[in-house]
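Step one of this worksheet: look at the structure below.
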Amino acid sequence: MTDYKFKIILIGDGSVGKTSLLYQFCQNKFSSDYTITMGANFLKKQIKITKKHSADLVIWDIAGQFEKFGRFHDTFYKNANGALLVFDLTRIKTFESVDKWREDMMQVLGEEIPFVLIGNKVDLVQNIDRPIDPSDSMQYAEQRNSIYIETSAKTGENVEDAFLELSLRMAGIDSETLKKPKEKKKEKKKKKKRQMKKK
Ligand code: G3D
Ligand code: MG
């Protein structure tokens, strides 16, 4: 039985990996050779979000030629319940655009909806100096009551998690409460350690 039905939109600059994330999540595959879709494209997937609840996700992806602001956006954004706000970890410009995308979405929708900030292509920044400081991305998300996740549409790293976290937020379920007490304790300890290090 499905408890929730959500429309998710993928937003962010061109070539950050939105289409790749969609295919990795829905079809478990990565291809560098998608045909460019006209207008908007969507795929559906059902996921289990807790032991007792599942959600039907309809995930909308915008085609390249519409990745600029215009009237088309109204249909794309309409009735969206949540967004993955995606940037490319190798290109700082795409991180700088994140706020523009969020503002645009809020303007069309007339309200805030849950989002998760995604730094994609983490496979490419393993051995290089990162152009974007992860603490900046984390701060951006946290200040807006959200979270930051780094993904790779290529390897699949954290892709499922990103959609799951967003679904929990759309359902109004705090993912912290789903964690086992032991896990929570461990995280508290880690956080304390990090804070000590900063000092
Ligand atoms: P978009 O839908 O946001 O425009 P795409 O982005 O999904 O079309 O991806 C743009 C390019 O980045 C594609 O390469 C794609 O293969 C690549 N890409 C997407 N996600 C990742 C990732 O996580 N890791 C790596 N290494 N590459 C990724 P091409 O060469 O086709 O332009
Ligand atoms: Mg695309």
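None of these values were measured; they are calculated from a predicted model. As the structure lists them, so they are numbered: ligands from 1, and atoms in each ligand from 1.
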TODO: Mind listing the closest non-hydrogen atom pair of Phe76 and Ile9 along with its distance?
DONE: O-CG2, 3.5 Å

Task: Candidate list Asn120, Val122, Thr151, test side chain to side chain contact (heavy atoms under 4.5 Å, CB included), partner Glu157, passing option - done: Val122

Open item on the list: Side chain, backbone, both or neither: which applies to Asn120 and ligand 1 if a contact is any heavy-atom pair less than 4.0 Å apart?
Closed with: side chain

Task: For Lys18, the ligand 1 atoms whose distance to one of its heavy atoms is below 4.0 Å - done: 1 (P), 2 (O), 3 (O), 4 (O), 6 (O), 7 (O)

- [ ] Would you kindly confirm whether Ile47 and Leu10 end up in one hydrophobic cluster when ILVMFWY residues are joined by side chain heavy atoms under 4.5 Å apart?
- [x] yes

Task: Over 12 non-hydrogen atoms of neighbours within 6.0 angstrom of CD in Gln27 - done: yes

TODO: Check each of Ser152, Gly156, Ser15 against atom 1 (P) of ligand 1 and report the one with the nearest heavy atom.
DONE: Ser15

Task: N or O pair under 3.5 Å between Gly17 and ligand 1 - done: yes

Task: salt_bridge(Asp88, Lys121) N-O dist < 4.0 Å - done: yes

- [ ] Report the member of Leu10, Ile62, Asp123 with the shortest heavy-atom distance to atom 24 (N) of ligand 1.
- [x] Asp123

TODO: Taking only heavy atoms of Lys154 into account, list the atoms of ligand 1 that are under 4.0 Å away from them.
DONE: 22 (C), 23 (O), 24 (N), 26 (N)

Task: Val16 and ligand 1 - part of the residue with a heavy-atom distance under 4.0 Å - done: both

Open item on the list: Taking distance alone, with N or O pairs closer than 3.5 Å, would you say Thr151 contacts ligand 1?
Closed with: no

Task: Location of contacts on Leu124 toward ligand 1, heavy atoms closer than 4.0 Å - done: side chain

Task: Within 45° cone and under 6.0 Å: Lys45 NZ/CZ vs Phe25 ring - done: yes

Task: Under 2.8 Å: N/O/S of Ser15 next to the Mg ion (ligand 2) - done: no

TODO: Decide whether an N or O pair under 3.5 Å exists between Ala153 and ligand 1.
DONE: yes

Open item on the list: Test your reading of the model: is there a side-chain donor-acceptor pair from Thr50 to the backbone of Lys52, 3.5 Å cut-off?
Closed with: yes

TODO: Show your working on side-chain hydrogen bond (donor to acceptor under 3.5 Å, both in side chains) between Ser97 and Asp13 and close with a plain yes or no.
DONE: CA-CA 7 Å; Ser97 296; Asp13 280 359; 2.7 Å; yes

